[in-house]
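The next block holds one structure in the form of structure tokens; read it before the comments.
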Amino acid sequence: MSRCDVAIIGAGAAGMMCAIEAGRRGRSVRLIEHVKSPGEKIRISGGGRCNFTNLHATAANYISGNPHFMKSALKRYTQWDFIDWVDRKGIAWHEKTLGQLFCDGSARQIIDGLVGDLREAGVTLQLETGVTAHERTADGFALTLSDGSTLDCASLVIASGGKSIPKMGATGFGYDVAREYGIPLTETRPGLVPLTFDPDTLTRFKPLSGVSVPVRASHGKTQFDEALLFTHRGLSGPAILQISSYWREGESVDLNLHPELDWFETLRATRQENGRRALPTVLGESLPKRLVQLWVEEGLSTGNLADQSDRALRELSQKLAHWTVRPTGSEGYRTAEVTLGGVDTHALDSKTMQALSQPGLFFVGEVVDVTGWLGGYNFQWAWSSGWCAGQYA
Ligand SMILES: Cc1cc2nc3c(=O)[nH]c(=O)nc-3n(C[C@H](O)[C@H](O)[C@H](O)COP(=O)(O)OP(=O)(O)OC[C@H]3O[C@@H](n4cnc5c(N)ncnc54)[C@H](O)[C@@H]3O)c2cc1C
């Protein structure tokens with residue numbers, strides 16, 4: 001039987017950050033990971049460049065059953081703290097758009113930096129090892145590992161992530177642990193995920209596969225101004241990934257095509273300048289031609305602008321600003337970037353990430369019911385929550 005102060009399950013972003021901090025406090029730390037390498041999601045994130053944080057990260061960018069829960073952690077370890085860390089590692093970065101920060105080079109630089117810090121902090125990283133059993137003891141927890149060994153620890157940190165991308169090592173382990181210790185969970189579902197259509201709608205939109213258009217995607221009061229992409233399964237692109245975290249099956253999504261345009265004023269002004277231009281031609285200057293072509297096939301007037309009354313232009317503008325689509329489902333955990341829901345934040349201390357009913361048991365990162373928007377917010381939550389738990393575990 002071996003013993004350590006802190007056992008952390010999962011060497012992703014949150015688990016590594018937590019291990020480094022606990023190790024720096026002089027705690028003996030064992031970081032247990034069941035796949036071959038640490039930080040696999042970091043490696044594939046941001047198209048291989050890791051969108052590691054967002055300049056504008058605040059609690060407003062997160063979805064949770066308790067919208068205040070993440071405030072403390074985000075304040076104690078901020079995006080500026082992580083940017084500082086990136087700078088100290090000499091990793092060059094740039095802002096792509098909307099405050100999203102990416103490595104200039106490769107996401108591997110982030111993993112290498114973290115692994116270097118793990119080493120310096122004296123953390124034992126144990127790869128290709130799972131946990132086959134765990135139980136409470138008088139002074140902590142006893143784990144049985146997949147290599148048959150046992151490990152006693154005073155603090156147990158669950159950093160095993162969510163269910164998204166099972167083929168990369170995602171498991172429901174963290175949720176099972178929570179259940180076993182009587183810690184409540186909120187409903188889990190895929191987030192930041194492409195949405196799918198029924199076969200008839202797919203046939204209708206088939207010619208649009210690969211077409212992209214700027215939209216304002218809305219669901220209730222929540223809206224995102226980003227690109228939409230038609231795919232051979234349905235809809236994707238940042239605007240759809242963002243709204244997918246709010247969308248529920250059976251609901252529709254409202255799309256404002258080119259939200260920066262006042263369509264009625266634009267069309268009316270164009271009619272005044274040159275009324276002999278055909279309506280589809282004019283629309284095709286702002287919108288993808290294949291989309292306009294589809295509408296023509298479905299009855300859009302091919303007449304000149306001069307033939308369009310104010311009322312007709314108003315009706316068309318209204319449709320362009322409120323194009324309603326009704327997805328039938330999502331691509332699920334196979335492609336979802338995150339898992340919504342998870343360990344109920346009401347059961348955790350927001351300062352320490354410790355379970356209120358189970359001293360010594362901590363939950364960090366994606367396994368917790370805190371989900372960020374697309375754009376670096378999810379890694380910031382992993383860094384912030386991991387850092388906080390690392391101060392107390
Ligand atoms: C394709 C893709 C791209 C993404 N891009 C970005 C991005 O650019 N920016 C951003 O902010 N977010 C991005 N995300 C989301 C981000 O990757 C996650 O929010 C983040 O990785 C969560 O960190 P975590 O440490 O909580 O969990 P994870 O990174 O999932 O780490 C959990 C670790 O636990 C291990 N594990 C699981 N079960 C067990 C077990 N039973 N025993 C031992 N180990 C176990 C897993 O193998 C994994 O290594 C992306 C996600 C995906 C899927």
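Order of appearance sets the numbers: ligands from 1, and atoms from 1 within every ligand. Hydrogens, waters and symmetry mates are skipped; everything else that's a heavy atom, side chains included, is used.
- Annotation: atom 37 (C) of ligand 1 to nearest protein heavy atom, Ser160 O, 3.3 Å.
- Ring geometry for Tyr377 versus Trp373: interplanar angle over 60°, hence perpendicular rather than tilted (30 to 60°).
- Closest to atom 38 (N) of ligand 1, if we only count protein heavy atoms, is Thr171 OG1, 2.7 Å.
- Scanning the protein for heavy atoms near atom 31 (O) of ligand 1, the closest one is Gly12 CA, 3.4 Å.
- Heavy atoms of Ile9 found under 4.0 angstrom from ligand 1 belong exclusively to the side chain.
- Residue Phe173 has at least one heavy-atom neighbour below 4.0 Å for each of these atoms of ligand 1: 41 (N).
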Check against side chain to side chain contact (heavy atoms under 4.5 Å, CB included), Leu185 and Arg179: CA-CA 8 Å; Leu185 297 166; Arg179 259 183 230 108; 3.6 Å; yes
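- Aromatic ring orientation, His219 versus Tyr246: tilted (interplanar angle from 30° to 60°).
- Under a 4.0 Å N-O distance rule, the pair Glu33/Lys41 does not qualify as a salt bridge.
- The protein heavy-atom contact nearest to atom 34 (O) of ligand 1 is Gly10 CA, 3.2 Å.
- Aromatic ring orientation, Phe82 versus Phe52: tilted (interplanar angle from 30° to 60°).
- Of the protein's non-hydrogen atoms, Lys41 NZ, 3.6 Å is the one closest to atom 30 (O) of ligand 1.
- Side chains of Arg271 and Asn304 form no contact here, defined as non-hydrogen atoms less than 4.5 Å apart.
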Go through it in stages, so that I can follow the logic: the residues are Glu366 and Thr339, the test is side chain to side chain contact (heavy atoms under 4.5 Å, CB included), and I'd like the CA-CA distance, side-chain angles, deciding distance and then a yes or no. CA-CA 7 Å; Glu366 196 178 320; Thr339 303; 3.5 Å; yes
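- In terms of polar-atom proximity, Ile165 is not counted as a contact of ligand 1, lacking any N or O under 3.5 Å from an N or O of the ligand.
- Less than 4.0 angstrom separates some heavy atom of Gly46 from each of these atoms of ligand 1: 5 (N), 8 (O).
- Proximity of Ala159 to ligand 1, defined as any heavy-atom pair under 4.0 Å, is confined to the backbone N, CA, C and O atoms.
- Counting only heavy atoms of the protein, atom 9 (N) of ligand 1 lies nearest to Asn51 O, 2.9 Å.
- By the 3.5 Å distance cut-off applied to N or O atoms, Glu33 is counted among the residues near ligand 1.
- The contact set between ligand 1 and Tyr377, taken as ligand atoms under 4.0 Å from a residue heavy atom, comprises 11 (O).
- For the ligand labelled ligand 1, residue Ser164 lies outside the 4.0 Å heavy-atom shell.
- The aromatic rings of Phe230 and Trp323 lie tilted to each other, with the angle between the two planes from 30° to 60°.
- The shortest N or O to N or O distance between Glu366 and ligand 1 is below 3.5 Å.
- Protein heavy atom nearest atom 21 (O) of ligand 1, with residue, atom name and distance: Phe379 CE2, 3.4 Å.
- Counting the atoms of ligand 1 from 1 in the order shown, those under 4.0 Å from a heavy atom of Gly365 are 26 (O).
- Between atom 4 (C) of ligand 1 and the options Glu128, Glu337, Gln380, the minimum heavy-atom separation is to Glu337.
- Numbered from 1 in the order shown, with element, the atoms of ligand 1 that lie under 4.0 Å from a heavy atom of Ala14 read 25 (O), 26 (O).
- A salt bridge links Glu315 to Arg311: one of the charged nitrogens lies within less than 4.0 Å of a carboxylate oxygen.
- If you check which protein heavy atom lies closest to atom 1 (C) of ligand 1, you get Ile44 CD1, 3.4 Å.
- Between Asp117 and Arg24 there is a salt bridge, since a side-chain N of the basic residue sits under 4.0 Å from a carboxylate O of the acidic one.
- A cation-pi geometry, defined here as NZ or CZ lying under 6.0 Å from the six-membered ring centre and within 45° of its normal, holds between Lys163 and Tyr175.
- For Glu251 and Arg248, the salt-bridge test fails: no basic side-chain N is under 4.0 Å from an acidic carboxylate O.
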